[in-house]
Amino acid sequence: MIDPRIGRIVVGEDELSERVAALGKQITADYTDRPPLLVGVLKGAFMFMSDLSRSIDLPVEFDFMAVASYGSSTRTSGVVRIVKDLDIELTGRHVVIVEDIVDSGLTLAYLRKTLAARRPASLEVCALLLKEGLQKEEPDLKYVGFRIPPDFVIGYGLDVAERYRNLPYVAEYAGSKQS
Ligand code: IMP
Ligand code: MG
């Protein structure tokens, strides 16, 4: 895809597949005796969830939820709304939230609070990307794929106005964030 708005590659395809496979192995080891329920946060996490789950050698279950933050598309306001809730009850389940990227950490803080209230047996987070230096306190993430600089990125599930999700790598966005 030739597009001048696709900037420098931040995480390449090979790096992604290696690291995602390693995370899957780690989850397999940590959850052998209690196969987890993977909760993917739509839409950004769909590709990561798909690849990650194929590296988990356990009878995992899947569910998805969709959240939207009020405000503009590239900045989080911290006020999050559930657009699609889970189908599966969390009570007594070992839950792993699968997130694409943690920026301010506000979306995750909201999700954690909301899902913890449903009394899962355990609740951990697996985030593909963590933007460095943007959180007021170190977010509580059990699994992190990559720590990246705080630039806006696209690809491997991440979008600007619903585009670029299908790029097989993560790149800086070199366009105007308004469009
Ligand atoms: P937070 O609440 O500030 O941590 O923002 C998290 C959400 O904002 C993510 O789940 C993404 O949907 C979106 N987001 C944050 N940073 C980026 C980015 O660099 N590219 C694409 N989406 C992003
Ligand atoms: Mg998004």
Side-chain angles (χ1 to χ4, degrees), residues 1 3-13 15-16 19-20 23 27 37-53 62-86 95-117 123-179:
M1 213 178 343
D3 181 334
R5 286 163 296 191
I6 302 172
R8 184 181 69 87
I9 293 182
V10 179
V11 189
E13 266 190 89
E15 244 185 309
L16 273 172
R19 184 72 188 122
V20 172
L23 287 172
I27 291 173
L37 169 66
L38 302 178
V39 169
V41 185
L42 294 172
K43 300 176 194 169
F46 81 97
M47 202 170 284
F48 177 41
M49 177 99 153
S50 164
D51 286 342
L52 178 72
S53 63
F62 289 71
D63 206 349
F64 292 92
M65 65 193 295
V67 295
S69 55
Y70 292 101
S72 77
S73 57
T74 56
R75 283 237 57 82
T76 312
S77 60
V79 185
V80 179
R81 176 169 59 97
I82 294 178
V83 175
K84 182 224 171 287
D85 205 340
L86 298 172
V95 174
V96 178
I97 300 175
V98 180
E99 253 283 41
D100 51 358
I101 187 163
V102 176
D103 186 350
S104 67
L106 292 169
T107 303
L108 195 59
Y110 173 86
L111 276 176
R112 229 184 213 294
K113 200 175 72 183
T114 306
L115 299 191
L123 181 62
E124 299 291 355
V125 178
C126 178
L128 178 67
L129 304 168
L130 172 63
K131 284 197 193 173
E132 303 248 66
L134 293 183
Q135 304 85 32
K136 285 187 200 124
E137 44 199 273
E138 181 70 14
D140 181 15
L141 306 173
K142 179 143 190 199
Y143 308 98
V144 176
F146 300 90
R147 292 169 182 267
I148 61 167
D151 308 298
F152 199 83
V153 291
I154 53 174
Y156 199 69
L158 296 163
D159 73 309
V160 170
E162 300 304 330
R163 288 192 52 197
Y164 307 110
R165 292 194 197 273
N166 60 325
L167 296 178
Y169 49 81
V170 176
E172 273 175 18
Y173 181 61
S176 150
K177 289 176 195 166
Q178 262 47 280
S179 63

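Whatever order the structure lists ligands and atoms in, that order sets their numbers, starting from 1. Because only heavy atoms are used, hydrogens play no part in the values below, and waters and symmetry mates are left out as well, while side chains stay in.
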Does the pair Arg19 and Leu128 meet the rule for a side-chain contact (heavy atoms from CB on, under 4.5 Å), with working shown? CA-CA 9 Å; Arg19 184 72 188 122; Leu128 178 67; 5.8 Å; no
How far apart are the C-alpha atoms of Asp85 and Phe64, what are their side-chain angles, what is the distance that settles it, and do they pass the side-chain contact (heavy atoms from CB on, under 4.5 Å) test? CA-CA 7 Å; Asp85 205 340; Phe64 292 92; over 6 Å; no
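Under 4.0 Å is where a charged nitrogen must lie from a carboxylate oxygen, and between Lys43 and Asp100 no such pair does. Taking a cutoff of 4.0 Å between a charged side-chain nitrogen and a carboxylate oxygen, Lys131 and Asp151 do not qualify as a salt bridge.
Under a 4.0 angstrom heavy-atom cut-off, Gly105 registers as being in contact with ligand 1. Residue Leu108 places every heavy atom at 4.0 Å or more from ligand 1.
Atoms of ligand 1 lying under 4.0 Å from at least one heavy atom of Glu99, given by number and element, are 10 (O). Heavy-atom contacts of Ser104 reach the following atoms of ligand 1: 1 (P), 2 (O), 3 (O), 4 (O) (cutoff under 4.0 Å). Below 4.0 Å from some heavy atom of Lys131 lie the following atoms of ligand 1, by number and element: 16 (N), 17 (C), 18 (C), 19 (O). Residue Leu106 approaches ligand 1 through these ligand atoms, each under 4.0 Å from one of its heavy atoms: 2 (O), 4 (O).
Both the backbone and the side chain of Val153 come within contact range of ligand 1, each with a heavy atom under 4.0 Å.
Every residue meeting the salt bridge (Lys or Arg N to Asp or Glu O under 4.0 Å) condition with Glu172, not counting sequence neighbours, appears here in chain and number order: Arg8.
Between the CG atom of Leu130 and the CD1 atom of Ile101 there is a distance of 8.5 Å, given to the nearest 0.5 Å.
Of the listed residues (Thr107, Asp151, Asp103, Asp100), the one carrying the non-hydrogen atom nearest atom 10 (O) of ligand 1 is Asp100.
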